[in-house]
Amino acid sequence: GVTGRIRQTTGGLAIEDLRLVNGDQQLSIAGALANDESSPAADGIVVRAERVSVGGLFKILMGEERVKGLLGGEARITGSLADPLVTSRFDIGEGTADGVPFRSFSGKADYKSGQAVVDVALEVDESARLSIVGTVPVAAAEGGGETPLNVQVSGRIPNVAVLGPSLPWVRDLTGAADVDVVLSGSIEKMLATGTAAMQDIAFRVPELGAKYKGLNAALRFDETVMVVDRFVILDEDGNQLRMEGSLDVLASGASKAVNLRARADEFILLRNEYGELVVSADLTAGGDLVTPNVLGTIRVERGRVEVDRLLREFVVAQGYIAIGPVGTPPPTKETDVPPVPKMFVESAVSIELSLPDNVVVRGRGIQTEEGVIGLGDVNLTVGGRLSIRKTPGQEIALFGELAAVRGTYEFQGSRFDIARGSLLRFRGDDMTNPTLDIIAEREIAGVDVTVRIRGTAAEPILTLASQ
């Protein structure tokens, strides 16, 4: 239940014994604050929490109740509404994160004149503690100056599963991590020094349908630059992705230098209801972090595309939904505000993609938005070479052909063999909408029947012929 009263007066704010109670959970707020120094002085406001469940709050914020625990603590607000002074302490005990228990997440935080002094720690057990200690700016400095920052993040977590809820796209996180990093400078020009390491990290990415393990990494922070001394990760089959290089992630100007190389050997990128993708690759990224230049090669070691499911994602209500432009749209007539720059607009890309006759394209009950009669079922193996290209200021383009190696096509109960050499041709415009030239043949009672599919993936044209 809720009791209490809130009053806004000409002199300030008064809260009279406001209580929110649910069983043994209680949140209470009481006291008064003046508007500013010219108003009559007030004693301040006290906020107390007793055994408040954080699970529901986490579910509201993140959509899932991945953290549980009971919150207790107190915050005292004095001064005035215009210039408040805050002292607080809190403790979340009896907690779990993704089902892994932790002893406490506790600490204190004080606020004065735009800065917060924090001393908080996550304690999993006697050997596992992660702490954040220092001064954090909350508001910009007066006069437009830089707001000083000095925070140390340090500790070791033998089981990083407790950090899983902070990564909403990850499940089943395990492994260990060490961090010892000092953040200094200012919010406007942040600097970082120290190291971070990950040992035998494993996790699952549900959206990709993929599991990864053996992530071992050593990162070094040198003011604005993060150096990747080592980064190795294995897919569920034990195949490796390696990365090394550096990123100027904290540079305050528009330019943030990047120099990275990634190499993969038969690495699983995708394994879900839309298909499977296993690649070997050697890619480099240089130039600027916002507009990197990417070049290299990718070889598809194994691929599978569930075309019926993908078409259902793109054929929506009024028809085919094309991918929008990568570039920055021009300003509208209604506003003179320039558009926000987008990443990769000025990037250059040159990647050669090889598919050595091993990509399976299949679908059942393929249907377009206008089709009264379905296009049937297809099971096709293709191969070829494609080029992914982009020049600065232009959109990404895909060029090349995929040719049929073997396959079958079933239409209205009749099964056809797909002719070797049937083509999917990418013209450099919409990469999700290739041109089709597919021929399927079958002999029925001594008559040769041919089905030909032309047009595009979005608007295919089907014709029947016999002789």
Side-chain angles (χ1 to χ4, degrees), residues 54-55 58 62-69 92 95-106 120-133 151-183 192-221 226-247 249 260-272 278-279 281:
V54 299
F58 195 90
M62 305 296 290
E64 296 179 274
E65 193 173 331
R66 297 178 63 182
V67 174
K68 297 180 180 180
I92 299 175
T96 63
D98 279 351
V100 178
F102 60 86
R103 177 179 292 176
S104 69
F105 178 55
S106 61
V120 301
L122 171 64
E123 293 188 5
V124 181
D125 52 35
E126 292 83 357
S127 62
R129 176 185 171 90
L130 180 67
S131 64
I132 303 174
V133 179
V151 174
Q152 182 173 18
V153 182
S154 61
R156 173 171 174 77
I157 302 295
N159 185 357
V160 294
V162 294
L163 304 179
S166 65
L167 304 170
W169 48 274
V170 162
R171 294 291 186 277
D172 305 333
L173 184 66
T174 62
D178 295 271
V179 61
D180 188 4
V181 176
V182 175
L183 302 176
T193 56
T195 59
M198 291 171 272
Q199 301 97 31
D200 293 324
I201 301 291
F203 57 92
R204 179 172 59 90
V205 185
E207 291 297 321
L208 298 179
K211 299 178 182 179
Y212 300 102
K213 60 185 178 181
L215 194 166
N216 288 277
L219 308 178
R220 180 164 40 92
F221 299 89
M226 181 181 74
V227 179
V228 183
D229 288 323
R230 178 168 54 94
F231 184 99
V232 179
I233 186 171
L234 308 178
D235 64 18
E236 58 188 285
D237 294 338
N239 300 309
Q240 194 176 86
L241 169 68
R242 307 174 301 284
M243 188 181 302
E244 64 272 339
S246 62
L247 297 88
V249 291
L260 287 176
R261 183 181 184 186
R263 288 167 288 175
D265 300 310
E266 300 186 11
F267 193 77
I268 299 172
L269 292 180
L270 177 71
R271 185 177 280 173
N272 62 14
V278 180
V279 304

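In this structure, CG in L163 is found 6.5 Å from CG in L122, a value given to the nearest 0.5 Å. Note that the CG atom of L130 and the CZ atom of F105 stand 8.5 Å from one another [nearest 0.5 Å]. Rounding to the nearest 0.5 Å gives a distance of 11.5 Å between CE of M226 and CZ of R220. Distance check: D178 CG to M198 CE gives 11.0 Å after rounding to the nearest 0.5 Å. Rounded to the nearest 0.5 Å, atoms CG (N216) and CZ (R242) are 14.0 Å apart. We find the CD-CZ distance between E236 and R204 to be 11.0 Å, quoted to the nearest 0.5 Å.
At a threshold of 4.5 Å between non-hydrogen side-chain atoms, the residues L219 and V228 count as touching. Inter-residue side-chain proximity for E244 and R263 is flagged as met; some heavy-atom pair is nearer than 4.5 Å.
The minimum heavy-atom distance linking N239 with D265 is given by the pair CB-O, 3.1 Å. Across every non-hydrogen atom of Q199 and A197, the tightest pair is NE2-CB, 3.5 Å. Scanning all heavy atoms of the two residues, the minimum distance from R171 to P206 falls at CG-CG, 3.7 Å. Of all non-hydrogen atoms in R66 and P168, the two that sit nearest each other are NH1-CA, 3.6 Å.
Between F267 and Y212, the ring-plane angle classifies as parallel under the 30° and 60° cut-offs.
Between the side chains of Q152 and D180, at least one donor-acceptor pair of N or O atoms lies under 3.5 Å.
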